[in-house]
Amino acid sequence: MTSLEPAPDETSTHLETDVEVLVVGAGITGLYQLYRARVAGFSVQLLEAGGGVGGTWYWNRYPGARFDSESYTYAYLFSRELFEEWEWREHFAEQPEIERYLNHVVDRFDLRRHIRFGAKVTSAVYDETSGKWTVVIGDGTELRTQFFIAATGVLSVPYYPEVPGRQDFRGEAYHTGLWPAEPVDFAGKRVAVIGTGSSGVQVVPAIADEVASLTVYQRTANWCTPLNNAPITPEEQAQLRTDFEAMCETLNTSPSGFLHQAHDRATFDDSKEQRWEFFEKMWSSPGFSKLTSNYSDLLLDEAANAEWCEFVAEKIRTIVKDPETAEKLIPKHHRFGEKRPPFVTGYFEAFNNSNADLIDLEQTPILRVTEDGIETADGVREFDIVVWATGFDFGTGALNRMGIRGRDGVALEDHWADGPKTFLGVQTTGFPNFFFPGGPHAAAGNNPRYNGDQVDFITDALIYLRAHGCDTIEVSAAAEEKWTDMIDRWATRAPSFGEISYYFGSNIPGKPRKYLLNSAGRPKLFAEIDKVLESHYQAFRLSNSSNPARTGA
Ligand SMILES: Cc1cc2nc3c(=O)[nH]c(=O)nc-3n(C[C@H](O)[C@H](O)[C@H](O)COP(=O)(O)OP(=O)(O)OC[C@H]3O[C@@H](n4cnc5c(N)ncnc54)[C@H](O)[C@@H]3O)c2cc1C
């Protein structure tokens, strides 16, 4: 089995071993945290396991990898100059452009000298006497930090299903979330793609025309709808510049962090004819607007949801020529929005190629991977390349694998054995001075927007501590319990994702079925942050490790 990791970025070898702020993860969240901590005047070191900048956009370099968020709404908004000097080529940029952008940000703001690549954190232990963390990386180097901030991502630990013989395959095998830097040559190869979630449905059309044969193994059909990508015209570029401030205002206050406007009508306010006309408009609208700008009751009313699903199913039947394949591609067991809906460009069309085949794993599960291919109840198919598009250990995967030990040596993975417990998705009790922006219990929607809210909250808290002569901050058990209870209560409330979604950890055998996002969303996060600020951080205990008498602010 071949599994190449992207080549390391040799340009950064810097390591500061005693700092005020240590950030882990060079994705969009960690880089923003590094930037904000630097501007606030803290000494900072960032550690990244990978060989370069980008996080998700460094590891997921498979063909077809691109945004489902509009490029300019995903990008940083903290600098108008940055916004103006970077012209996105497409409304939904492809991975190479995103990786180039994040590298540009790093160099533009002189952040690279604070980053050590190839530095995987293997242990982080809190010392109660000093209030500091001792952090160890893969090569055994030890670092000390006052504040330990893990921006390690919710989709950064690739997951392989437990299929017998996976290691026996002698051809090339790749996981979409661990894609090599060198291009993979698919031309004329017999290729299997396992998994039809957001990554699998991007890979399939990207390689469909060059392979000798394409066999797609589908565990669950998903409600895929068109991404409707397009190049950004010069007129649109100019408009984006003009609208910068208004756009920031919308994005910084929107519940989901998108520009899309909510629709003011419910499904059955309209006649059937009007509804289907509106659905046509939705079908042609960009990305997530099918979720955010659709009828207001789409996710609340079963009949409304069923009607949209019927419309999408009809579209699939129209696009896919083979009726049997079309039926397999139509989800039967979940409503639209109950799982994270993928957005596609040419996915359904790919099955019209005479060399493409869809295997429904509900009917014929994979029995084993062999040296030459994949065996199901229907027999063995031989392949040159197997692509595992089988997702991630979502939410807690990276944090629970870092060897984090808090007060009294308690392991984070034990504290979270029944699912994560947090306050605002940024801190957990018993782990002072430890933060995890962009981790579990963050809101849902356009990721950088709510992860950025968390980074702002954390940085402002550190500035507050410094101004008030404190160096230790720990959330109270009461605040953690209240926030976590709220998450759990909202988790099953419409319009929540269903328990069959990886947002509940349901793709990982044995993982507690706990909701890993925050259904109450960004408005609740904003409201709670306001309360914390108004009450001068009452939900937290603030103290000074060298002067225990100096407690609170
Ligand atoms: C293919 C794909 C497409 C996506 N598209 C969108 C989209 O269009 N819109 C959207 O909002 N979201 C999207 N997402 C979600 C995406 O993960 C977030 O948008 C965003 O990239 C998260 O950034 P982050 O910095 O929080 O985490 P990441 O980008 O995951 O970065 C975390 C970094 O931490 C590092 N790390 C983890 N553990 C350790 C350790 N122990 N030691 C050192 N380093 C460590 C990892 O190597 C990684 O580089 C997508 C995700 C995937 C996988």
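Whatever order the structure lists them in is the order used to number ligands and atoms, beginning at 1.
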Is there a side-chain contact between [X] and [Y], using heavy atoms and a 4.5 Å cut-off?
{"X": "Y32", "Y": "V105", "result": "no"}
{"X": "H104", "Y": "L82", "result": "yes"}
{"X": "F392", "Y": "N60", "result": "yes"}

Contact (N/O only, under 3.5 Å) between [X] and ligand 1:
{"X": "W59", "answer": "yes"}
{"X": "R66", "answer": "no"}
{"X": "P437", "answer": "no"}
{"X": "Y74", "answer": "yes"}
{"X": "S199", "answer": "no"}

Winner among [options] once heavy atoms are compared against [atom]:
{"atom": "atom 4 (C) of ligand 1", "options": "F67, Y62, W57", "answer": "W57"}
{"atom": "atom 40 (C) of ligand 1", "options": "T56, D68, V121, N60", "answer": "V121"}
{"atom": "atom 46 (C) of ligand 1", "options": "K120, Q33, E48", "answer": "E48"}

- prompt: Where's the contact between N447 and ligand 1, heavy-atom distance under 4.0 Å: side chain, backbone, both or neither?
  reply: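 Under 4.0 Å from ligand 1, N447 contributes backbone and side-chain atoms.
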Do [X] and [Y] have their ring centres less than 6.0 Å from each other?
{"X": "F434", "Y": "F436", "answer": "yes"}
{"X": "F394", "Y": "Y503", "answer": "yes"}
{"X": "Y35", "Y": "F78", "answer": "yes"}

message: Is it the case that the side chains of E480 and T428 hold a donor-acceptor pair, with the cut-off being a distance below 3.5 Å and no angle test?
response: yes
task: Go through ligand 1 atom by atom and flag the ones less than 4.0 Å from a non-hydrogen atom of S156.
output: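 Going through ligand 1 atom by atom, the ones under 4.0 Å from S156 are 30 (O).
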- prompt: What atoms of ligand 1 come within less than 4.0 Å of a heavy atom belonging to G25?
  reply: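 Listed by number with element, the hits are 33 (C), 34 (O), 35 (C).
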- prompt: Who are the side-chain hydrogen bond (donor to acceptor under 3.5 Å, both in side chains) partners of E142, not counting sequence neighbours?
  reply: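 So E142 forms no side-chain hydrogen bond (donor to acceptor under 3.5 Å, both in side chains) with any residue.
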message: I'd like to know whether ligand 1 has G445 as a neighbour, heavy-atom separation below 4.0 Å.
response: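 True for this residue.
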Sub-4.0 Å heavy-atom approach of S198 to ligand 1: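 S198: no contact with ligand 1 (<4.0 Å).
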